[in-house]
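Residue numbers run from 1 in the order of the sequence given.
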Amino acid sequence: MSSVQSQQEQLSQSDPSPSSNSCSSFELIDMDAGSLYEPVSPHWFYCKIIDSKETWIPFNSEDSQQLEEAYNSGKDCNGRVVPTDGGRYDVHLGERMRYAVYWDELASEVRRCTWFYKGDKDNKYVPYSESFSQVLEETYMLAVTLDEWKKKLESPNREIIILHNPKLMVHYQPVAGSDDWGSAPTEQGRPRTVKRGVENISVDIHCGEPLQIDHLVFVVHGIGPACDLRFRSIVQCVNDFRSVSLNLLQTHFKKAQENQQIGRVEFLPVNWHSPLHSTGVDVDLQRITLPSINRLRHFTNDTILDVFFYNSPTYCQTIVDTVASEMNRIYTLFLQRNPDFKGGVSIAGHSLGSLILFDILTNQKDSLGDIDSEKDSLNIVMDQGDTPTLEEDLKKLQLSEFFDIFEKEKVDKEALGINRPTLQPASGANIPKESEFCSSSNTRNGDYLDVGIGQVSVKYPRLIYKPEIFFAFGSPIGMFLTVRGLKRIDPNYRFPTCKGFFNIYHPFDPVAYRIEPMVVPGVEFEPMLIPHHKGRKRMHLELREGLTRMSMDLKNNLLGSLRMAWKSFTRAPYPALQVSEAAEETEAEPESTSEKPSDVNPEETSVADKEEVLPINVGMLNGGQRIDYVLQEKPIESFNEYLFALQSHLCYWESEDTVLLVLKEIYQTQGIFLDQPLQ
């Protein structure tokens, strides 16, 4: 027992004492022994596979309490279902399993936990099984009641647990190679710390989410199954986005929360990658994929090819059908589970997901009674360059002598077949003639639009709700519209069913493109700078701006001094003329001051001057508000924008500035504003 005593001494020195909330104490030995024992408080956990390892995660305090109440209700647990995690998961109490409600996910084991031991390779505690925890608790109760310690138990895995005293309880691993012939387990091996009650282990237990849901947001992912640099799924990334939103509601909408004006915004992921790649296309691709650089080719097939799939008429139809049907399905299920929900719905898309949503929104109908008219098509091109006249076309064809005959007979370009419909990309937007909707020569076959090359365009499904706002994160919409041959968005155009549109991007995002220059192509102006969630601009941006302003002030002062010096050198030396020139200078002073800005290069205007420019009309795509919103880069990112380019495209899920802008715009539609406006 000398080795056990030495290990006991080491553990008593290294293992911290239980907190003041602990059920056990060594200081009350002389009192009535029966009063020392208090039943352990259970907490419910669920098991997740993270990095190929089992990790036990505690339910939040409210969910654990609900599970415990259902467990103690006296009713049969079989068939008993308890919603958890804001209603996104259901726990089947009898099965002890946790199932996702709105998306496909492997079910996870659930456990009512009271006793824990420290894991092998990390400091995380692992709960014992419910049955063995009950054995441990009964042994502990006897030890406390009778004040008889050094209790030794054998686990179902034939491991030894010794309760030395309330502060020191250890678990011995079996020695490798021993017990092969049925020998009794020993106390040898490295001991693990044993803890009773969740309050005595280091684990973060969050509070529950507000029950009231004010708004629902569907989030659509971009290319590939992974959405960030940690190769996490859209479900995990949206979990982060939701967690950030809950924290920001507490810090930036505190007054509204205290007045019980708001609850929370629910964000639900929409996955289209898995249904697309379950069509058998991966098998077809694998047959033609070269065997070299296998990992890179697999990454290309699984990720980058999604862009080409979306430009294929066949697979584009699969993608838009999946996205629209998933959003409709989830929305219907959400209303069934939340019958009192009265809030609005918005949609958000990252990368290619934003383009998918853009095409779906442009092909919606304003009301259920709308007929399939040409006005449903996207009127976003106002000019394709100067449209040549009939005379110019005939001149190019060396048929100028026939112009008078055609004019006399009132034969126009359309009658001659010169105005043929422009080829429409398979993924979406129609290209109309100048200042018109779609050309009347575009004929429809049933629900499909014949584009004249034997293919049919995509039939866009109908959403069963009208989104209030469309948020695009790191979006290539502008680039795709340009590649499709679209040059300008009609300033009067708006989505048929959606009022708002925010194009949010990081300045170093290589996939993001602007939208506003397509609405106002003749004017150069900066996007809206998204305020930092803690207020003001980031320090390095303010410093850069201040230095720029200072250098411009110095340059302007230097130019002014040189101008005055030049005038003094070129002034006539006669006293009479000096007086008259002085008078002329005083009269011309206002005129000269008004002309000073014209002497300065427009590119040299200070940032302060830029901010005083009159508001720019960017059309009605966002209800008259600005569309492009740029994040502020972090100080470390400003050192090398190429180094952080990929990270910039995947930064939106944990960006407080992005989430706060989304919350601000959503709650403004309900007349609720930030506690303090950000500058």
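The two residues L249 and G263 come nearest to each other via the heavy atoms CD1-O, 3.8 Å. Pairing each heavy atom of L216 with each of F218, the nearest pair is CD2-CZ, 3.6 Å.
Atom CD1 in I347 sits 11.0 Å away from atom CD1 in I356 (nearest 0.5 Å). Atom OG of S655 is separated from atom CD1 of I530 by 7.0 Å, given to the nearest 0.5 angstrom. Atoms OH and CD1, on Y505 and I515 in that order, are 10.0 Å from each other to the nearest 0.5 Å. For the atom pair N338 CG and Q212 CD, the distance stands at 11.5 Å (nearest 0.5 Å). Taken from NZ in K534 to NE2 in H252, the straight-line distance is 9.5 Å, to the nearest 0.5 Å. Going from atom CG of L352 over to atom CD1 of I477 covers 10.0 Å, rounded to the nearest 0.5 Å.
Between F495 and F358, the ring center distance clears the sub-6.0 Å criterion. Checked against the 6.0 Å centroid threshold, Y667 and F673 do not count as a close aromatic pair. Not less than 6.0 angstrom separates the ring centroid of H215 from the ring centroid of F341.
The pair E105-K48 counts as a salt bridge, with a side-chain nitrogen and a carboxylate oxygen less than 4.0 angstrom apart. Contact check on R337 versus D90 returns a salt bridge, with a Lys/Arg side-chain nitrogen under 4.0 Å from an Asp/Glu carboxylate oxygen. A salt bridge links D85 with R98: at least one charged nitrogen is closer than 4.0 Å to a carboxylate oxygen. No salt bridge links E468 with K466; every basic N to acidic carboxylate O contact stays at or beyond 4.0 Å. Between R242 and E209 there is no salt bridge, since no side-chain nitrogen of the basic residue lies less than 4.0 Å from a carboxylate oxygen of the acidic one. A salt bridge links R88 with E266: the closest approach of a Lys/Arg side-chain nitrogen to an acidic carboxylate oxygen falls below 4.0 angstrom.
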Please list, one pair per line, the donor and acceptor atoms closer than 3.5 Å that link side chains of residues 616-623 to other protein atoms, with sequence neighbours excluded.
from : atom 1 : to   : atom 2 : distance (Å)
N617 : OD1    : G619 : N      : 3.1
N622 : OD1    : F501 : N      : 2.8
N622 : ND2    : F501 : O      : 3.3
N622 : ND2    : R626 : O      : 2.8

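Between F502 and Y629, the angle of the ring planes lies from 30° to 60°, which puts this pair in the tilted group. Classified by interplanar angle (parallel below 30°, tilted 30° to 60°, perpendicular above 60°), the ring pair W103/Y89 is perpendicular.
Between the side chains of T362 and D359, no donor N or O sits under 3.5 Å from an acceptor N or O. Y652 and D509 form a side-chain donor-acceptor contact under 3.5 Å, judged by distance and modelled atom types alone. For the residue pair D628 / Y513, no side-chain donor-acceptor distance below 3.5 Å is found, with atom types taken as modelled. Inspection of the N301 and T289 side chains reveals an N or O donor paired with an N or O acceptor under 3.5 Å.
In the displayed structure, L211 atom CG is contacted under 6.0 Å by at most 12 heavy atoms of other residues, nucleotides or ligands. By the neighbour-count criterion of 12 heavy atoms within 6.0 Å, atom OH of Y99 is densely surrounded, having more than that number from other residues, nucleotides or ligands.
In this structure, the side chains of L674 and L660 come closer than 4.5 Å at one or more pairs of heavy atoms. Side-chain contact between P467 and C498: present, with at least one pair of heavy atoms (C-beta onward) separated by less than 4.5 Å. Side chains of S354 and F470 form a contact here, defined as non-hydrogen atoms less than 4.5 Å apart.
In this structure S292 satisfies the side chain to side chain contact (heavy atoms under 4.5 Å, CB included) test together with L290, R297, sequence neighbours excluded. A search for ring pair (Phe, Tyr, Trp, His ring centres under 6.0 Å) contacts involving F241 returns F267, F473, not counting sequence neighbours. Partners of D214 under the salt bridge (charged side-chain N to carboxylate O under 4.0 Å, His left out) rule, at least two apart in sequence or in another chain, do not exist in this structure. For H221, the ring pair (Phe, Tyr, Trp, His ring centres under 6.0 Å) partners two or more places apart in sequence, or in a different chain, are W272. For D675, the side chain to side chain contact (heavy atoms under 4.5 Å, CB included) partners are K254, K255, not counting sequence neighbours.
Between the side chain of R264 and the main chain of P210, a donor-acceptor pair closer than 3.5 Å is present. Counting only distance, with no hydrogens or angles, the side chain of S475 and the backbone of A472 share no donor-acceptor pair below 3.5 Å.
Each of I504, L357, V219, N503 was checked for a side chain to side chain contact (heavy atoms under 4.5 Å, CB included) with F471, and the lone residue meeting it is I504.
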Practice prompt. Walk me through it: do H206 and N60 pass the test side chain to side chain donor-acceptor pair (under 3.5 Å)?
Written response: CA-CA 5 Å; H206 301 285; N60 65 58; over 6 Å; no
